[in-house]
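To start, the structure under review is shown below, and the notes come after it.
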There are 2 protein chains.
Amino acid sequence: MESNLQIDSLDKKILSMITHNARIPFLEVARECKVSGAAIHQRIQRLMNMGVIKGSEFIINPSKIGYHTCAFMGIFLKKASLFDKVVKMLEEIPEVVECHYTTGEYAMFIKIFAKSNEHLKRILHDKLQNIPGISSTETIISLDESFKRQLPIE
Amino acid sequence: MESNLQIDSLDKKILSMITHNARIPFLEVARECKVSGAAIHQRIQRLMNMGVIKGSEFIINPSKIGYHTCAFMGIFLKKASLFDKVVKMLEEIPEVVECHYTTGEYAMFIKIFAKSNEHLKRILHDKLQNIPGISSTETIISLDESFKRQLPIE
DNA sequence: AGTGAAACAGGCGATCG
DNA sequence: CGATCGCCTGTTTCACT
């Protein structure tokens, strides 16, 4: 979708340092890259303006805040044109953390967290299956997230 | 897996502020929560020690760094006991960003980024299908990530 | 656990090459 | 674009509660 021609090797080095620790002092990045802190500051500002950096976040362990069930769900739609409306409805369900428009087995694909399997069942019955436009769903329960990481920079 | 009894409402307020902006000054969080900066500092330290906070990261837009294809893949194994070895092999493939042990259609489920559909095909043929233990795979290509977000805190 | 002060360090804008 | 400078703000520790 977008070019990456404006990203040079200094940008990549900065990105690879800050993607794994958002609280790292920019001066530390600067020392490692052998430039001034102000240069890092400007570069990161530029990367944000370009949309390369979308933001920053602390990573929470879902099970430690009570979410013990993780699942993926494939969704079949009655009509493909209902996609936008279904996305809006899914956005209203806070447990749905990721939503994709897909080809392959399903029309849509989502990732969802729930407090328990029982809770997941309730979300499925009470919320998902009441969304007009969804004809059926298939659930894949994750018994264990073996790893989760960021895309490496170059 | 874990209880969340040790997390009180101040912790939740802190978490909800820092999950959406990892660079927010702790003093700003402190003012909002009407406690001292040192208290926030201690709380966050404690949440890290408890494993509630797993780290922090800048969020990169994959397409802006040249990764234009996103896919999910269901994996069938020859034997369930090969799971651990397959995870190790998948970890060697940097484009694989998420790996789950699942029930349902598949034995395993992964999320993967590639530079293009052609690149995805190469990863699939040259790397994934050469992993001993994998009997077959099914690919779900994401044409669009409609949204991606964090689990809300309470 | 939380506070406030103090010492230290980093963020970030202005200005100059 | 990057460097230097400088002020302002935030971070972190510590003694006290």
Side-chain angles (χ1 to χ4, degrees), chain A residues 2-67 150 152-154, chain B residues 1-66 150 152-154:
Chain A
E2 316 279 346
S3 88
N4 58 331
L5 295 178
Q6 303 129 293
I7 296 174
D8 65 16
S9 66
L10 177 54
D11 289 322
K12 284 178 190 159
K13 188 158 188 185
I14 294 168
L15 288 173
S16 69
M17 289 188 78
I18 67 176
T19 43
H20 301 298
N21 175 10
R23 295 292 292 197
I24 192 173
F26 293 170
L27 275 180
E28 197 176 322
V29 179
R31 284 188 290 267
E32 182 72 25
C33 296
K34 295 182 172 51
V35 292
S36 71
I40 301 297
H41 185 251
Q42 282 173 203
R43 290 272 186 151
I44 290 180
Q45 206 68 32
R46 201 182 100 260
L47 289 166
M48 291 182 127
N49 292 338
M50 287 167 63
V52 176
I53 295 173
K54 290 202 280 186
S56 65
E57 58 190 25
F58 268 89
I59 308 157
I60 307 302
N61 186 338
S63 73
K64 298 273 186 174
I65 57 165
Y67 287 82
Q150 293 243 81
I153 311 299
E154 200 67 335
Chain B
M1 272 168 194
E2 317 278 346
S3 86
N4 58 331
L5 295 179
Q6 304 128 294
I7 295 174
D8 65 16
S9 67
L10 177 54
D11 289 322
K12 285 178 188 159
K13 187 158 187 185
I14 294 168
L15 288 173
S16 70
M17 289 186 79
I18 67 177
T19 43
H20 302 298
N21 175 11
R23 296 289 294 195
I24 191 174
F26 292 168
L27 272 181
E28 197 176 324
V29 179
R31 284 188 291 264
E32 181 71 27
C33 297
K34 296 183 171 54
V35 292
S36 69
I40 300 296
H41 185 253
Q42 281 171 204
R43 289 274 187 150
I44 290 180
Q45 206 68 33
R46 199 182 103 259
L47 289 166
M48 290 181 129
N49 293 337
M50 288 167 61
V52 176
I53 295 173
K54 290 202 281 187
S56 65
E57 59 190 23
F58 269 89
I59 308 157
I60 306 302
N61 186 337
S63 73
K64 298 274 187 173
I65 56 165
Q150 293 243 80
I153 311 299
E154 201 68 334

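All chains are named by letter (A, B, ...) in the order of the sequence lines, taking the proteins before the strands, and each is independently numbered beginning at 1. All heavy atoms count here, side chains included; hydrogens, waters and symmetry mates do not.
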> Can you check whether B:S56 reaches A:N21 side chain to side chain, under 4.5 Å on heavy atoms?
Replying inline: yes

May I ask you to decide if A:K13's main-chain N or O and A:E32's side chain share a donor-acceptor pair within less than 3.5 Å? no

In short, the helix from C:dA1-D:dT17 to C:dG17-D:dC1 is bent end to end, axes from five pairs each side, to 10°, by 30°

Taken to the nearest whole Å, CD1/A:I7 to P/D:dC1 is 13 Å

Does any non-hydrogen side-chain atom of B:D11 lie less than 4.5 Å from one of B:R46? yes

Query raised in the report: At under 4.0 Å between heavy atoms, what does B:I40 touch on the DNA or RNA strands: base, sugar-phosphate, or nothing?
Result: nothing

#### Entry: Test item: A:I53 and A:L15 side chains (from C-beta on) under 4.5 Å apart, heavy atoms
yes

ask   = Hey, mind stepping through B:R43 and B:F26 against side chain to side chain contact (heavy atoms under 4.5 Å, CB included) and telling me if it holds?
value = CA-CA 11 Å; B:R43 289 274 187 150; B:F26 292 168; over 6 Å; no

Under a 4.0 Å heavy-atom criterion, the protein footprint on nucleotides 5-17 of chain C, written with B, S and -, is -----SSSB----

Give a yes or no on this: more than 12 heavy atoms of other residues, nucleotides or ligands lie within 6.0 Å of atom CD of B:E28.
yes

Whole-Å distance, B:D8 CG to C:dA1 P, equals 9 Å

Using a 4.0 Å heavy-atom cut-off across all strands, classify B:I44 as base, sugar-phosphate, or nothing.
nothing

Mark yes or no for whether B:K12, through its side chain, and B:E154, through its backbone, hold a donor-acceptor pair below 3.5 Å.
no

Flag, side chain of B:Q150 to backbone of A:F58, donor-acceptor distance under 3.5 Å:
yes

